[in-house]
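Notes to accompany the following structure.
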There are 2 protein chains.
Amino acid sequence: MTSPALRERDESGAPAAREHDAAAAPAACSSDDLIELLFFAYRDFVGDPDRILAEYGFGRAHHRVLHFVDRYPGLTIAELLDILRITKQSLNRVLKDLIGQGYVAQRPGTSDRRQRLLTCTESGQRLAADLTRVQARRLARALASPEDAAAPESFLMAMIEPDERAVVRRLMARRGGGAA
Amino acid sequence: MTSPALRERDESGAPAAREHDAAAAPAACSSDDLIELLFFAYRDFVGDPDRILAEYGFGRAHHRVLHFVDRYPGLTIAELLDILRITKQSLNRVLKDLIGQGYVAQRPGTSDRRQRLLTCTESGQRLAADLTRVQARRLARALASPEDAAAPESFLMAMIEPDERAVVRRLMARRGGGAA
DNA sequence: GGAATATGTCAACGACACTGACGTATATCG
DNA sequence: CGATATACGTCAGTGTCGTTGACATATTCC
């Protein structure tokens with residue numbers, strides 16, 4: 001997957017038996033470090049569903065729409081635009097896909113028939129659940145860490161793909177260690 | 001900025017004097033809630049620098065490159081590709097901008113002259129610092145919250161733009177309250 | 001009946017990612 | 001020394017997802 005540029009200094013030849021290496025970062029963790037961890041954490045957080053979505057020919061935009069429609073059935077277009085902060089042209093493109101392929105259904109509003117109340121079909125709910133599952137699993141794993149899960153630093157590190165944590169930690173260690 | 005679709009139920013006419021309303025969410029916060037909070041938190045987290053970048057004609061891709069080159073001077077192209085997980089064509093597009101406009105400098109590697117060691121120029125460091133500042137400020141504010149900042153839920157809520165927290169909270173309250 | 005609202009749509013464009021292929025300089029190995 | 005590998009650059013085409021601007025339609029509200 002990843003090219004070896006950052007992995008070359010592979011000191012420990014041990015088969016990596018340590019389980020929760022989410023911590024192991026010395027102590028100090030500045031805001032600057034957190035900025036970086038948030039980048040890596042979010043990257044892996046959205047990476048999980050991305051793989052599933054690709055099988056359906058969908059992207060992140062579809063995911064966001066599906067997620068909110070699934071969680072808040074009866075959502076209107078205007079509300080969705082408000083949440084996602086995109087233009088209705090952008091929304092319509094992905095919404096058309098989701099409706100056309102039977103993942104989202106619409107019905108006119110009862111009190112205001114101009115509105116389109118959006119809901120997920122059964123298959124939409126299934127897909128949404130699949131996507132939620134992988135993200136919730138990562139989250140649960142991160143939260144299930146030892147008591148240090150309390151610190152945002154540990155939380156974010158635990159959100160990163162386990163295999164990648166050492167890479168990230170090694171990268172970030174370069175800031176004190178210096179002369180590479 | 002935001003259209004009023006989600007703001008209409010504006011019960012409290014008070015001029016909003018409460019400072020740290022990061023909490024105020026009942027108690028239960030499922031993984032599903034966290035997924036959503038992470039979306040909103042990240043949205044606002046990247047929104048700050050986006051505004052600055054727009055003044056320079058830069059985008060998020062430029063930000064990421066600038067950030068990592070600033071933090072890890074001497075980074076090579078291969079390492080950067082590893083961190084960002086993009087193709088060299090994508091990287092080159094933004095890197096060319098940053099070098100051409102004097103924010104990033106390159107010099108051949110000493111031990112391996114095929115490598116291009118990347119560093120930030122002074123103006124590059126200044127811009128990177130500006131971008132870091134707004135993100136660190138948001139982070140610091142989130143961490144400076146009362147002791148409840150420990151919980152990822154509170155942390156994420158505190159990362160959301162203060163004006164938006166009530167909107168998000170109201171939206172998420174719809175999941176129990178139901179009949180809208 | 002006229003104005004505001006909720007939504008749809010056409011057209012063009014920009015940022016940022018991708019693939020595939022090819023070119024060049026430097027390093028390394030036999 | 002010559003072959004092969006590596007680090008990087010680049011050309012060409014494509015796709016997703018965001019943008020703006022303008023205009024059409026149905027419905028509601030006054």
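All chains are named by letter (A, B, ...) in the order of the sequence lines, taking the proteins before the strands, and each is independently numbered beginning at 1.
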Contact state string [nucleotides 23-30 of chain D, B base, S sugar-phosphate only, - no protein heavy atom under 4.0 Å]: ---BBS--

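By the side-chain contact (heavy atoms from CB on, under 4.5 Å) test, Leu84(A) is found to be paired with Arg64(A), Val65(A), Phe68(A), Leu80(A), Ile86(A), Leu91(A), Phe39(B), residues two or more places apart in sequence or in another chain being considered. Contacts of Gln125(A) classified as side-chain contact (heavy atoms from CB on, under 4.5 Å), with partners at least two apart in sequence or in another chain: Asp70(A), Cys120(A). His67(A) pairs by the side chain to side chain donor-acceptor pair (under 3.5 Å) definition with Glu36(B), not counting sequence neighbours. Applying the ring pair (Phe, Tyr, Trp, His ring centres under 6.0 Å) test to Tyr72(B) and every residue at least two apart in sequence or in another chain returns nothing. Under the side chain to side chain donor-acceptor pair (under 3.5 Å) criterion, Ser31(A) pairs with no residue at all, not counting sequence neighbours. Take Arg114(B) and apply the side-chain contact (heavy atoms from CB on, under 4.5 Å) test, not counting sequence neighbours, and it matches Asp112(B). Checked against side chain to side chain donor-acceptor pair (under 3.5 Å), Thr119(A) has no partners two or more places apart in sequence or in another chain. Evaluation of the side chain to side chain donor-acceptor pair (under 3.5 Å) rule for Asp48(B) yields Arg51(B), Arg138(B) as partners, not counting sequence neighbours.
Between atom CE of residue Met159(A) and atom CG of residue Leu143(A) there is a gap of 8.5 Å, rounded to the nearest 0.5 Å. Atoms CG and CG, from Leu34(B) and Leu156(B) in turn, are 6.0 Å apart once rounded to the nearest 0.5 Å.
Remark: C1' of dT19(C) and CD of Gln89(B) are 8 Å apart, rounded to the nearest angstrom. For the pair Leu81(A) CG and dT19(D) C1', the computed distance is 14 Å after rounding to whole Å. Put simply, CD1 on Ile86(A) is 7 Å from P on dT19(D), counting in whole angstrom units. Rounded to whole angstrom, the span from the CD1 atom of Ile77(A) across to the P atom of dT7(C) amounts to 6 Å.
The stretch residues 47-71 of chain A touches DNA chain D through Gly59(A), Arg60(A), Ala61(A), His62(A), Arg64(A), each having a heavy atom under 4.0 angstrom from the strand. Residues from residues 90-104 of chain A with heavy atoms under 4.0 angstrom of DNA chain D, sorted by number: Ser90(A), Arg93(A).
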Under 3.5 Å donor-acceptor pairs involving side-chain atoms of residues 94-101 of chain B, not counting sequence neighbours:
unit_1   : atom_1 : unit_2   : atom_2 : d
Asp97(B) : OD2    : His62(B) : NE2    : 2.8

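Residue Thr87(B) places no side-chain N or O under 4.0 Å from the OP1 or OP2 atom of dA17(C).
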